[in-house]
Engineer: 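Got a structure for you, questions after.
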Amino acid sequence: MGRKLLLEYDHVPGIETFDVYRKNGGYRSVEKALKSMSPEQIVEEVQKSGLRGRGGAGFPTGMKWSFLAKPEGVPRYLLCNADESEPGTFKDRYLMERIPHLLIEGMIVSSFALGAKLSFIYIRGEYMWILDILEKAIDEAYANGFLGKNILGSGFDLDLRVMPGGGAYICGEETALIESLEGKRGNPRMKPPFPAVKGLWGCPTVVNNVESIAAVVPIVNDGGDEYAKIGLGKSTGTKLISAGGNLVRPGVYEIEMGITVEEFIYGDDYCRGIANNKKLKACVPGGSSVPILPAHLVTKTATGEDRLMTYESLADGGFASGSMLGSGGFIAFDEDQCIVRNTWNFARFYSHESCGQCSPCREGTGWMEKVLHRLEIGQGTMRDIDLLADINKKIEGNTICPLGDAAAWPVAAAIRHFREEFEWHVTHPEEAQMRNFGLLKNVIVA
Amino acid sequence: MVKVTIDDVQIEVEPGTSILNAARQIGGEVVPPAMCYYSKLPGTGGKCRTCLVEVAQGSEKDPRPMPKLVASCSTPVMDGMVVKNKTSERVHENRGGVVEFLLINHPLDCPICDQAGECHLQDLGYEHGAAGTRYEEERRTFDPIDIGNKIKLHMNRCILCYRCVHIANQLTDKRVHGVLHRGEHAEISTYIENAIDNDFSGNMIDVCPVGALTDKTFRFKSRVWFLKPMEASCECTKCSGKAVVWMFGNEIYRVTARKDKYGEVEDQDGKTGWICNDCRFDKKDVSKWNIEGPRKINRHSVISQGQYLSPRSNAKQITDGNQ
């Protein structure tokens, strides 16, 4: 079992309360930061740590912070993106449910580093019970002098608010999140200008994932260099992985970057293999929007090296034979699962969640969903498979925000790696139906 | 001033100009089509993706090409930028893709659509569209609704460019319509069929690139190519009073604002020449107008003689997924 930085105390009873959290070393980083460090020093430590955004894109957090414009007399904002809606990802939920104070501590330190006097946690509308947990924790932090005016006598003021969204996946995109927070329709904005220059109410804004902000706490406590010692190459520190699918022990795991995928799936400390003694068929390593990998490419790269849980190793081979670490939503499929049905399910999600602003995504995701549905229920033709591949190409890269790419990649990868299965659905429509519905005999096939 | 090269034509423009506007300063063939961007309405653009161009060189300082195609209407030019529009095969292919997306749910009712002949999507379909469709599913349909007593909304034809939403934001006191739902189901509508009732709402019809918003006083009266456009002016307290009246014989069939070759309303006396609803809908009597002379329509469209000799003659015909 590797080192744990975020979930070290998650087993302690009552850790969601301020007193227990404080007894277990909580809020040390706030004391250290506010009393002995300057904001620039914290940004420098985060840059040294090599922390990369945990929301999916993997952009270095320190670099993002250094881009923040600092014009005189204009407020700056820090927003925490807790709109975790990617199918397969539930790490932020676990973190906020179990250790809400860790996020609040991270928010205080990060706000201090960025000079934000008012910070928001934007939480998805489906997480209403977590909203209560967070608000309770924030009240405790206010009562104990860690939020509000003149925190710990340092002269630093901070107000922290939790804002629930309406439950739209698109509001996890940073500019859509800002629009939604401003009370508008959650449509992504055109970039440039980037939020670091013009964000919330036209002011410089940084948007970070829950896990990235929580990771600032150990970075400040132990120093950026210490954090960078964990991990491999440019993938430093620990990462929360939400393991789901046909695994013996699914759940949220904190891993050190650089363990092998094989160890993660089969290791005793982690998922303990595929459930019901089945074989692994495919795996989506980073949430529904990353390309799916067939079994032979999950544990080994195309060149025969061990695949590791790092940003680089999972992306090894590009999209031809690799995938992405993404947000860490690890979904395993056993041999009984139907890739066509799964791909359709993902496509349906993206079609449902497209904001409808730009044409390739609005029309393309719906079209893909319909074609995949046709294939799934055995009414597809061979040319539908080529059509799908072509629709993909026309969406990818042509949209305002990455939702279009996220919708196109899983479909493209499924066709690339599992084309025979798609063809089998065309040539054996009835068997395909029976497989998906168990022993259902009366299948409606046109 | 920054130097930018678009399709091998070099031009110097003000810093901060978008690629599309730089191309419009050159004019002619290099101008990318735009369905949602409207230079007179701040905030428009970036949505339809028909103006995608390839940036072969980012700038003088950073000559790397941009990996993705960019929306030319919302990307500012950099010094030394090299842009490919007509000369890029990638642009041609992806723009064709965008047009296909716009058309999959668009009804093929040009023969009865009032916008036919002035429709930007029709032009785009001729330039980039395929001869057949690969879309076999049922099209998304809505019932036409009345928004106000003078405007009809055919949501089936809408391409969600958001121009009418922006114009209502910028020209009227209170916007009562907007976009409902999301994704494929997104639609322009008013709150529970609320009537749009203000003096400048008719301009929604002028900015609509397709036939989604039509003038109820002109619907089904005539095809636009049978009418003679005449420049006319009148004394109006609300607007500039400078408009184009579309006549058949001595009768005025419809009134529109004066539009330039990109389909945008021209400036009159230093201000954008939006016209008010009184001029547009109620003044259909020749005696109320001072006819100045024939209006030259700069915009080429499918009805201009010889504009499109053979549709998509140099591009491969796509009839189904196999080809």
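Quantities reported herein were computed from a predicted structural model and do not represent experimental measurements.
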Engineer: Side chain, backbone, both or neither: which part of A:T381 has a heavy atom under 4.5 Å from chain B?
Structural biologist: neither
Engineer: Is it the side chain or the backbone of B:I104 that comes within 4.5 Å of chain A heavy atoms, both, or neither?
Structural biologist: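 Just the side chain, heavy atoms under 4.5 Å.
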Engineer: Measure B:H185 against the heavy atoms of chain A and call it side chain, backbone, both or neither at under 4.5 Å.
Structural biologist: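 For B:H185, neither part sits under 4.5 Å from chain A.
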Engineer: Hey, are the side chains of B:I19 and B:M81 touching, using non-hydrogen atoms and a 4.5 Å cut-off?
Structural biologist: yes
Engineer: What part of A:I385 gets within 4.5 angstrom of chain B, counting heavy atoms only: side chain, backbone, both, or neither?
Structural biologist: neither
Engineer: Sort A:E353 into side chain, backbone, both or neither according to what part of it lies under 4.5 angstrom from a heavy atom of chain B.
Structural biologist: both
Engineer: At a heavy-atom distance under 4.5 Å, which candidate from B:K68, B:E184, B:R49 has the highest pair count against chain A?
Structural biologist: B:R49
Engineer: Ring of A:F319, cation from A:R416 - is the NZ or CZ under 6.0 Å from the centre and inside 45° of the axis?
Structural biologist: no
Engineer: Give, as side chain, backbone, both or neither, the part of B:Y162 having an atom under 4.5 angstrom from any heavy atom of chain A.
Structural biologist: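 Contact with chain A is through the side chain of B:Y162 alone.
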Engineer: When the ring planes of A:Y350 and A:Y169 are compared, do they come out parallel, tilted or perpendicular, using 30° and 60° as the limits?
Structural biologist: perpendicular
Engineer: Is A:K370 salt-bridged to A:D384, going by a charged N under 4.0 Å from an acidic O?
Structural biologist: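 Result for this pair is no, no salt bridge flagged.
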Engineer: Against chain B, label A:A168 side chain, backbone, both or neither, depending on which of its atoms sit under 4.5 Å from a heavy atom there.
Structural biologist: both
Engineer: Please state whether the rings of B:H92 and B:H128 are parallel, tilted or perpendicular, taking 30° and 60° as the class boundaries.
Structural biologist: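 Rings of B:H92 and B:H128: tilted, as their planes differ by 30° to 60°.
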Engineer: For the interface with chain A, which of B:P76, B:G97, B:A186 has the highest count of heavy-atom pairs at distances below 4.5 Å?
Structural biologist: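 Going by pairs under 4.5 Å, I would pick B:G97.
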Engineer: Which region of B:V179, side chain (C-beta onward) or backbone (N, CA, C, O), has a non-hydrogen atom less than 4.5 Å from a non-hydrogen atom of chain A, or is it both or neither?
Structural biologist: both
Engineer: Should we say atom CE of B:M78 is surrounded by more than 12 heavy atoms from elsewhere, each under 6.0 Å from it?
Structural biologist: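 Atom CE in B:M78 is not crowded, with 12 or fewer foreign heavy atoms closer than 6.0 Å.
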Engineer: Decide yes or no for B:Q170 and B:K40: does some side-chain heavy atom of the first lie under 4.5 Å from some side-chain heavy atom of the second?
Structural biologist: no
Engineer: Identify which of A:K393, A:E396, A:R374 forms the greatest number of heavy-atom pairs closer than 4.5 Å to chain B.
Structural biologist: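 Max contact count across the listed options: A:R374.
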Engineer: Could you check whether atom CG of B:D143 has more than 12 heavy atoms from other residues, nucleotides or ligands sitting under 6.0 Å from it?
Structural biologist: no
Engineer: Using non-hydrogen atoms only, which part of A:R185 is less than 4.5 Å away from chain B: side chain, backbone, both, or neither?
Structural biologist: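 Only the side chain of A:R185 comes within 4.5 Å of chain B.
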Engineer: So for B:L52, is it side chain, backbone, both, or neither that comes closer than 4.5 Å to the heavy atoms of chain A?
Structural biologist: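 The side chain, not the backbone.
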Engineer: Looking at SG of A:C358 and NZ of B:K47, how far apart are the two atoms once the value is rounded to the nearest 0.5 Å?
Structural biologist: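 So the SG of A:C358 and the NZ of B:K47 are separated by 9.0 Å.
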Engineer: For chain B, find which of A:H352, A:K191, A:Q357 contributes the most heavy-atom pairs closer than 4.5 angstrom.
Structural biologist: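 Of the options given, most contacts go to A:Q357.
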